[in-house]
Every structure is written in structure tokens, then in C-alpha cells.
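Report on the structure given below.
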Protein chains: 2
Amino acid sequence: MNKLPEKTIGRLSEYRRTLLNCLAKGKTHIYSHELANLHNFTAVQVRRDIMLIGYSTTLKKGYDVKALIDVISKIIDTDEGINAAIIGVGNLGKAITTYFNGKRPKLRIVATFDNDPEKANRVIAGVKCYPISEINKLVNELDIRIGIMTVPPENAVSVLETLVNAGIKGILNYTSTPLSVPQNVHLEEYDMITSIEKVAYFVKQKK
Amino acid sequence: MNKLPEKTIGRLSEYRRTLLNCLAKGKTHIYSHELANLHNFTAVQVRRDIMLIGYSTTLKKGYDVKALIDVISKIIDTDEGINAAIIGVGNLGKAITTYFNGKRPKLRIVATFDNDPEKANRVIAGVKCYPISEINKLVNELDIRIGIMTVPPENAVSVLETLVNAGIKGILNYTSTPLSVPQNVHLEEYDMITSIEKVAYFVKQKK
DNA sequence: TGTACATTGTTATTTATTTCACACTACCTG
DNA sequence: CAGGTAGTGTGAAATAAATAACAATGTACA
Ligand SMILES: NC(=O)c1ccc[n+]([C@@H]2O[C@H](COP(=O)([O-])OP(=O)(O)OC[C@H]3O[C@@H](n4cnc5c(N)ncnc54)[C@H](O)[C@@H]3O)[C@@H](O)[C@H]2O)c1
Ligand SMILES: NC(=O)c1ccc[n+]([C@@H]2O[C@H](COP(=O)([O-])OP(=O)(O)OC[C@H]3O[C@@H](n4cnc5c(N)ncnc54)[C@H](O)[C@@H]3O)[C@@H](O)[C@H]2O)c1
């Protein structure tokens, strides 16, 4: 199971989301081409990904939805679950906190942090906001492993340092400041403007 | 300039953002390794990307920041600019509208749409909200080319159809429903849960 | 029951992207 | 103004990812 391609990891997450929907609708089996059509993928790609994670079916009635969810979950989740925190409770931080809660049983937002004293101790969607100064203590107490950064771009670098020092090993950066991290920390960056600009570029090509 | 790798397009957008910052700080020249270090890229990759877009410098004092911005802008922007709209003025839609406005001169959010009558005619960050029923008319009137979807997942498919019918050729989907579009429409998808799950996966590997 | 067919699993091939390696040259330094 | 250095530009090699091709096999149905 070692060395899954990074792209595959992303797709696994998406497959699972779709499979959970199927399950909710009472669908018990799904063909590779069905799963492919529900996304923008090809059936071969789906089969290949599924091969890579070591699941296979003897049936020719498609994959067992429940079983496939379980295999994917074994790869993505941990038994105990993983705790995350939002840093910067502004528009975006609030939106994510509200949206996220309860979506995934093994992935929880357990705290938010802000440096604005006004915001400390507020509760959003059941999640409490703490002063950023308490982060070291809370990372230990609540076993926070992932930091989701939604602070203003000019504070991104210093907040990153705070997070790394606090021992956080996974960072998702929504700030428009690109960051770099030590080897032992995993960083995922996402910049919305880049996404829009990519769309703009391709729209331009189509004219 | 045909056939730039897709990955390169994304990086160009990020280079430009950084270059604009440099320019604002009065920096006139930048080395490939400087630009690389400001992101998580290598100097070779930066040079390769810059080679692909046809810019080069005779100097050994690095690239001319201003000139490089111009070349990148020629690729990403159009002279007249491109107009975009937000569909679904909820938490996320509001956050993006507020955040985005004025960030890029050639990329404007000119309208938002919602099906909630309460929200119609409200103004957020200077952008007016229209009933979704008026979208066909407004796509023409305002020359909207890009639709940013932030509606609830269960309405994603029908909203997509509305957008495509209205003649929109570029779609950015923040909905957690995966979509597929006709050949002549460009679709970019981004699911936050997938990003967090990717981070979770890599954090797990590091334990 | 056996034949046609649909579907999976997997190896081989192709395509896309990154990295390496190095030629080339402007610039600095003495 | 020669020689060393630090930078760029780029063909070639390596790596990563997607696609094609097809053997194997369970299933439906005549
Ligand atoms: N809003 C969006 O849709 C959007 C989209 C793309 C990117 N972003 C990026 O996300 C970030 C936040 O955007 P926003 O619109 O939510 O901004 P915002 O100003 O609404 O929120 C920022 C929050 O961070 C807090 N903060 C500031 N410094 C802090 C620190 N050192 N420690 C802890 N908290 C701190 C502020 O008090 C505020 O609550 C920005 O970097 C922006 O570039 C936002
Ligand atoms: N909030 C987040 O941070 C976040 C993160 C990731 C993904 N998302 C996704 O973004 C989408 C929106 O999230 P949100 O938190 O802003 O939800 P929300 O419920 O706050 O907002 C949805 C908005 O869409 C409007 N709407 C509903 N049907 C519509 C239609 N047919 N046409 C036009 N407008 C319509 C609603 O009136 C509402 O204003 C969801 O699909 C969610 O999965 C949100």
C-alpha cells in the first residue's frame, strides 16, 4: 500500500464522498464506469486506482460500495480520527468551520484560534475560539494535528512558524502568501485567485 | 505560446502574485532561485516555466520584475478583462465576493446570484445580488464569462445546467458535488474536504 | 449447458512534468 | 582586461501519471 500516487489520494477522497452518497441512496454495487461518470474520470483510471489500493471483487456486478468505502477509509482515516484547527476566524475561517463540522466522523475541527481578543471564547458551529497565544497548550490537550490557515496574508509567515513550533505536522494554507515548511511537515496550498485565473486562461483559449 | 503545461499556468499565476508584491516593495530584479524560494519550487522549474512563456533576459541580474509581470499578464489576462459571477450567496459565496474584489484589475466579480428572494438586490462588497432567474439576461448584459458555484451540493447539477445554457464557458465548482461539462466548457473543481483529507493522509504517513 | 458479452485486473505504452547536467555569458574582482 | 563566478537557457534523462490493450472470468440467456 506504500507509495500511492498523490493524484490517486485525491481521487480516493472523491470516490469515497460519492460512494457515501450511493450508500445513502441504497445502492449496494457500482461499476467502474458508473463511478467514473459521476466524476470526470475514465473507467480505467478508477479501476487502476482501486487496483493500487488492493481492493478487488470477484463479482462482475461492480464493486461492493460498502467494502470499497471501508478500504478507502483504512487508507485515508486513522482509527482514532485526526483533529484539526482553524487559524484566523474571519469570513473564510467561519465559512469553513460552519461547513465542515460533522461531515467526516474521523476528521474533526476541534478548535479555532484568533489574535483578536473580541473573538476569543466565541463559539461557531459548536467549536470554541481560543486566543492564538494558547495554541501550544491546546495542541497538546486536544491533540491537534492539522492547522488550516485563514489569517490575513501578511501574518501568514509568522502564524506558520507558530504552528510548526507547536508541533503541528500538517498544514492547509488558504492564505494568499506562499509558504515553505520543514521536511517533516506536510503543506498543502490552495489559492483561489490562481484557480480563477486558470479558468480565465482556458476561457480565453476557447474564444 | 501554444500548449503551456497546465501546471505551468497555475505557477504563472502564483509567480505574478509574488512579483506584484516584489514590485510594491520596490524590487526591480529577481533571480530564479529567489522566486523559487518564495514558493515551494526549484530554480530550474522557474527558469523552465519562464522559458516556456518566451521571456528571457540578457542580464545576469535576474529577471526584470516589471517585464516578467507583463509577459505573464499577456498570457493570463485579456485586454478587456474577464467578468465572473458568484452563484449562491451563502457563507462561502459571501467570503469570496468580499475577498476578491479589486484584487485583480482584469478579473472582476460583477454579479452574484441566489434563488432566495431575501438575498436578491442586496449588495455585498459593492456587488449586487440578482435572482437566479435573471441570469440569462445578465450574462449578456454584463458579459459574464466565468461562474463560481457556491450553492448547496444538491442543487449543483441543476445550477450547472443553468450556467451552461446561459452560455458561460468557464466554471469553478466549490460545491462538494463533482460535475461534468461539455467539451467547450472549462471546469475547475475544488473540494476542501479532499484537501483536508490529503493532508490527513500525509500526516498519518509521518507518524 | 454453452455461447456471447460485459466487466474487471494488469501489463505495456504513451504522454506530461520534473529534474539533471552542462554550455554559455554577463558581471565582478583584482 | 583576464579569470573566476554566479547566473540563465535548454537538450536529454528521469519520474509521474494517464491511457491503451487485452487476458481472464463471472453472468445472462438462448
Ligand atoms: N475570504 C475568502 O473567500 C478568501 C479566498 C481566498 C483566500 N483567502 C485568504 O484567506 C485569508 C483570510 O481571508 P478572510 O477573508 O477570512 O479574512 P478576514 O480578515 O475576514 O479574517 C482574518 C482573521 O484572521 C485573524 N488574525 C489576524 N492575524 C492573526 C494571527 N496572527 N493569529 C490568529 N488570527 C489572526 C483576524 O482577527 C481575522 O479574524 C486571507 O489570507 C485571504 O487571502 C480568503
Ligand atoms: N462554506 C465553506 O467553507 C465550504 C467549503 C467547501 C465547500 N463548500 C461548498 O460550497 C457550497 C456552499 O456552501 P455554503 O457554506 O456557502 O452554503 P450556504 O448554505 O451558506 O449557501 C448556499 C447559498 O446558495 C443559495 N442557493 C441555493 N440554491 C440555489 C440555486 N438553485 N440558485 C442560486 N442560489 C441558490 C442559497 O440560498 C444560499 O444562499 C456547498 O456546496 C458546500 O458544499 C463550502
Side-chain angles (χ1 to χ4, degrees), chain A residues 1-15 19 22 27-65 67-68 71-72 180 183 188-189 194 198 201-202 205, chain B residues 1-15 19 22 27-65 67-68 71-72 178 180 183 187-189 194 198 201-202 205:
Chain A
M1 204 75 40
N2 260 341
K3 285 296 206 168
L4 289 173
E6 184 164 340
K7 291 283 185 71
T8 295
I9 303 297
R11 284 192 299 266
L12 289 177
S13 162
E14 300 183 35
Y15 296 148
L19 292 168
C22 291
K27 193 170 170 62
T28 61
H29 293 266
I30 191 167
Y31 295 123
S32 58
H33 64 260
E34 287 180 294
L35 195 45
N37 288 341
L38 289 169
H39 300 85
N40 277 358
F41 311 143
T42 64
V44 198
Q45 192 162 57
V46 169
R47 294 207 299 276
R48 187 155 233 299
D49 286 336
I50 288 176
M51 183 194 94
L52 291 175
I53 64 178
Y55 174 82
S56 78
T57 177
T58 57
L59 272 18
K60 298 276 148 169
K61 279 278 119 195
Y63 303 102
D64 183 301
V65 173
L68 191 45
V71 175
I72 296 177
S180 39
Q183 279 284 320
E188 194 94 8
E189 307 230 21
T194 293
K198 271 169 90 173
Y201 171 80
F202 287 106
Q205 307 305 98
Chain B
M1 207 73 42
N2 261 341
K3 285 295 206 169
L4 290 173
E6 184 164 341
K7 293 283 185 71
T8 295
I9 303 297
R11 284 193 298 267
L12 289 178
S13 162
E14 301 183 35
Y15 296 150
L19 292 167
C22 291
K27 191 170 172 63
T28 60
H29 293 266
I30 191 166
Y31 296 123
S32 57
H33 64 261
E34 287 180 293
L35 195 44
N37 289 339
L38 289 169
H39 300 84
N40 277 357
F41 310 144
T42 65
V44 199
Q45 192 162 55
V46 169
R47 294 207 298 276
R48 163 82 50 188
D49 286 334
I50 288 176
M51 183 192 98
L52 290 175
I53 65 178
Y55 175 82
S56 77
T57 177
T58 57
L59 272 18
K60 298 277 147 167
K61 279 279 117 197
Y63 303 102
D64 183 301
V65 173
L68 191 46
V71 175
I72 295 177
S180 42
Q183 280 285 319
L187 171 69
E188 194 94 9
E189 306 228 23
T194 293
K198 272 169 91 172
Y201 171 81
F202 287 106
Q205 307 305 97

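In the text below, chain A, chain B and the rest are named by the order of the sequence lines, each starting its count at 1.
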Given atom [atom1] of [X] and atom [atom2] of [N], what is their separation to the nearest angstrom?
| X | N | atom1 | atom2 | result |
| --- | --- | --- | --- | --- |
| Y55(A) | dT8(C) | OH | C1' | 11 Å |
| D49(A) | dA17(D) | CG | C1' | 10 Å |
| L68(A) | dT8(C) | CG | P | 11 Å |
| M51(A) | dC22(D) | CE | C1' | 15 Å |
| I30(A) | dA6(C) | CD1 | C1' | 16 Å |
| I9(B) | dA16(C) | CD1 | P | 14 Å |
| L52(B) | dT18(C) | CG | P | 10 Å |

How would you list, by chain and number, every residue that makes a side chain to side chain contact (heavy atoms under 4.5 Å, CB included) with S180(A), sequence neighbours excluded? N40(B)
Tell me the salt bridge (charged side-chain N to carboxylate O under 4.0 Å, His left out) pairs involving residues 27-38 of chain A, sequence neighbours left out? K27(A)-E34(A)
Check each residue of residues 32-46 of chain B for a non-hydrogen atom within less than 4.0 Å of any atom in DNA chain C, then write out the ones that pass by number, or none. T42(B), V44(B), Q45(B)
Nucleotide nearest P5(B) (side chain, heavy atoms from C-beta), chosen from dT10(D), dT17(C), dT8(C): dT17(C)
Contacts of D64(B) meeting salt bridge (Lys or Arg N to Asp or Glu O under 4.0 Å) (sequence neighbours excluded), chain-then-number -> none
Protein heavy-atom contacts under 4.0 Å, written 5' to 3' over nucleotides 23-30 of chain D as B (base), S (sugar-phosphate only) or - (none), form the string -BBSS---
With distance as the sole criterion, do the side chain of R47(A) and the base of dT10(C) form a donor-acceptor contact below 3.5 Å? no
So, under a plain 3.5 Å distance rule, would you say the side chain of R48(B) forms a donor-acceptor pair with the base of dT10(D)? no
Taking ring-ring contact (aromatic ring centres under 6.0 Å, His included) as the test, write out the residues that go with Y15(A), two or more places apart. H39(A), F41(A)
